[in-house]
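Just so you know, these numbers come straight off a predicted model, no measurement behind them.
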Amino acid sequence: MILLSVAGACAYGVADFLGGLASRKAHVLRVVVISALASLAIELVLWPVLGASWNAGSLGWGALSGVASAFAFSLLYLALSIGPMSIMAPITAIVSALLPAVVGLVGGERLSVAGLIGIPVAVGAIVLVTVSRTSAAVSLKAVVVAILAGAAIAVQLITLDAAPHDSGVAPLIVGRTVSSLLVFSVVLFVRTSDKGKVPVVMAAAAGCLDSLANLLFLLAAREGMLSISAVIVALYPAATVLLAAVVLKERIRKSQWLGLAAAATGVILLASS
């Protein structure tokens, strides 16, 4: 369960970096359409391999996750395109970690002492990265969008976990179908600016990785607890921040490196819970 969650965090982090970068080159909605369709294609390919049970639970919770996913895709890519990735990604992660953790604990999940320590350590790691000083300007709009994106991601994770555990990839397929239709409908009725040509390969890669991340989270949550899986997956800014440093030359300060080290400590504590 821990390895699945860590792998999911890495996949989410790379997907977010690619999606945010693509949204700097073209309108975010045009990028999301391609990402969502690519993600759906991956899940359809996985259907014969992992199976799917089309019961009321998988359809209902899958559809709700799709609505949340449509907002998560759009808001997250928008946040990453209008603000520094090394700040926007951690803000979304804090929200997306805390909400599912609270839902899991309220729902009856019980953690060991190590787990109870690991959650605040992991969240604190995200905070360390978030509050690091940067020379780039951060607007209030960008912060609000990042918070809303985190809430949407949290709802997506919670609803996916609520789907029957024997439903295979059905909730993912239903969710991505709903999110694709929603985004496509918005694009039809909302005029998008000719910001630039959509980097199709980059946008599609983001969608494929996001699909893989969703699957890894779903498998992890089914094997373990939502409160642990969601917190570990929320450490995805580590990958986003490192890629932003290497590719975009965004400066990573000492406190951010300390945050990455704290993130590793949090994972170890949660793994031992």
Less than 4.5 Å apart, any side-chain heavy atom of [X] and any of [Y]?
X: Val113; Y: Ile117; value: yes
X: Ile173; Y: Trp47; value: yes
X: Leu172; Y: Arg176; value: no
X: Val174; Y: Trp61; value: no

Quick one: do Val6 and Leu235 satisfy side-chain contact (heavy atoms from CB on, under 4.5 Å)? Show the steps, please. CA-CA 8 Å; Val6 171; Leu235 294 172; over 6 Å; no
Nearest non-hydrogen partners of [X] and [Y], listed with the distance:
X: Ser167; Y: Asn55; result: CB-ND2, 4.4 Å
X: Cys208; Y: Ile42; result: SG-CG1, 3.6 Å
X: Gly19; Y: Val31; result: O-CG1, 4.2 Å
X: Ala93; Y: Ser96; result: O-OG, 3.1 Å

Any sub-3.5 Å donor-acceptor pair from [X]'s side-chain atoms to [Y]'s backbone N or O?
X: Ser39; Y: Ser35; value: no
X: Ser58; Y: Ser53; value: yes
X: Ser69; Y: Ser65; value: no

Carefully, step by step, assess Tyr12 and Asp210 under the rule side-chain contact (heavy atoms from CB on, under 4.5 Å). CA-CA 6 Å; Tyr12 273 128; Asp210 183 82; 3.6 Å; yes
Is there a donor-acceptor contact under 3.5 Å linking the side chains of Arg222 and Ser229?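 No - no donor-acceptor pair under 3.5 Å links their side chains.
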Please tell me whether Ser211 and Glu43 have a donor and an acceptor in their side chains that are separated by less than 3.5 angstrom.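 Side-chain D/A pair, Ser211 to Glu43: present.
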Ring pair (Phe, Tyr, Trp, His ring centres under 6.0 Å) pairs, two or more places apart, involving residues 143-163: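 For residues 143-163: none.
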Residues Ile147, Thr92; criterion side-chain contact (heavy atoms from CB on, under 4.5 Å); working and verdict: CA-CA 5 Å; Ile147 293 173; Thr92 64; over 6 Å; no
